[in-house]
Amino acid sequence: MRLVTWNVNSVRTRIDRVIGFLERSNTDVLAIQETKCRVDQFPYAPFEEAGYEVAVTGLNQWNGVALISRVGIENVRTQFEGQPAFAKPDQEPVVEPRAIGATCGGIDVWSLYVPNGRSITDPHYAYKLSFLTALAEQGRSRLADDPSADIALVGDWNVAPQDHDVWDIELFQDNLYVTDGERRALQSVVDAGFAEVTREHEPDQYTFWEYQQLRFPRNEGMRIDFQHFSPSLAGRVAHASIDRDERKGKGASDHVPVIVDIED
DNA sequence: ATGACATACAATGTATGA
């Protein structure tokens, strides 16, 4: 089975590129992030015409995640247990649409969009850490209940775990994406039993390049999109790759697909 | 060329992102 995660930066603007990728990539399950639309605005028809089923969550123009599957999509959950809410000043806390899970081809697949954090002093930074640690806690609990569970936590993690995951670590020193706090929070997911499975097959590839300042042609990017698998599922990984070509040309997302092939 | 921010919503600018 081929499982792909991709921050598409608006599914409505990018629909032709997303369908084109699906049709040539032999993808079975596609987890997308930053769909940037409400559920009622989601372009279901092109996916269904291509032979896929769709599960979506989205409240407004921000965030939004979805699962696209041609191997079934059951037991859909639009947030994970313990997923933190965020409260804007003088407003009720909202559990933002940043996680959707479903059973696809026997695997519990989660499409995740970890909060960016904005800056280290912003309330969104603490929100980012709590999102990651709550996810780790929930994952740990799931594996305690069933150590052989097949669970895939995939998406845009907005953390660069290693120094070479950004193009110039000097420039990023003590900046968002590379702080000890963010790296520890992401590591808590790994420590809960979820190994990152793409790096060993693609050791030196970014997944994101800013639109500005010729970042892509200069290959000044970041590696922030990952797939974390439970132990039994990690043992079935045959290969992984990053489709750098998807960043090329007019109308590209700023992220590219991160692809994992899983043995049956 | 792989190429010089982009998106949504509202409005002719604002919020957000990485």
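Order of the sequence lines sets the chain letters (A, B, ...), proteins ahead of strands, with each chain counted from 1.
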Original post:
What would the secondary structure line of DNA chain B be in dot-bracket form, counting Watson-Crick and G-U wobble pairs under 3.5 Å, with [ ] for pairs that cross earlier ones and | for pairs with another strand?
Top reply: ....(((((...))))).
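Using cut-offs of 30° and 60° on the angle between ring planes, the pair A/W167 and A/F172 is perpendicular.
Note that the first and last nucleotides of DNA chain B, 5' to 3', having any atom under 4.0 angstrom from a heavy atom of chain A are B/dT2 to B/dA18.
Hydrophobic clustering, with ILVMFWY side chains joined whenever heavy atoms are under 4.5 angstrom apart, groups A/L135 together with A/V159.
Rounded to whole Å, the separation between the C1' atoms of B/dT14 and B/dA10 comes to 9 Å. Atom name P, nucleotides B/dA11 and B/dT16: the rounded distance is 16 Å, in whole Å. Nucleotides B/dA18 and B/dA6, compared at atom C1', are 12 Å apart to the nearest Å.
Annotation for A/L67 and A/I100: closest pair CD1-O, 3.6 Å, computed over non-hydrogen atoms.
Using a 4.0 Å heavy-atom cutoff across all strands shown, A/Q61 reaches sugar-phosphate atoms only and no base atom. Residue-level contact check: A/F172 touches neither bases nor backbone, having no heavy atom under 4.0 Å from any strand.
A salt bridge links A/D28 with A/R70: the distance from a Lys NZ or Arg NE/NH1/NH2 to an Asp or Glu carboxylate oxygen falls below 4.0 Å.
Not counting sequence neighbours, the partners of A/K88 by the side chain to side chain contact (heavy atoms under 4.5 Å, CB included) test are A/F86, A/Q91.
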Distance-only criterion, 3.5 Å: show the donor-acceptor pairs between side-chain atoms of residues 42-64 of chain A and protein atoms not counting sequence neighbours.
| from | atom 1 | to | atom 2 | distance (Å) |
| --- | --- | --- | --- | --- |
| A/Y52 | OH | A/T27 | O | 2.6 |
| A/N60 | OD1 | A/W62 | N | 2.8 |
| A/N63 | OD1 | A/R98 | NH2 | 3.0 |

What pairs of donor and acceptor atoms, side-chain ones from residues 138-145 of chain A against any protein atom, are under 3.5 angstrom apart with sequence neighbours left out?
| from | atom 1 | to | atom 2 | distance (Å) |
| --- | --- | --- | --- | --- |
| A/R142 | NH1 | A/D108 | OD2 | 2.8 |
| A/R142 | NH2 | A/D108 | OD2 | 3.1 |

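Between A/T13 and A/G249, the one whose closest nucleotide on DNA chain B sits nearer the 5' end is A/G249. Between A/G251 and A/F208, the residue whose closest nucleotide on DNA chain B is further toward the 5' end is A/G251.
Judged as a ring-ring contact (aromatic ring centres under 6.0 Å, His included), not a single pair has a partner in residues 91-121 of chain A (not counting sequence neighbours).
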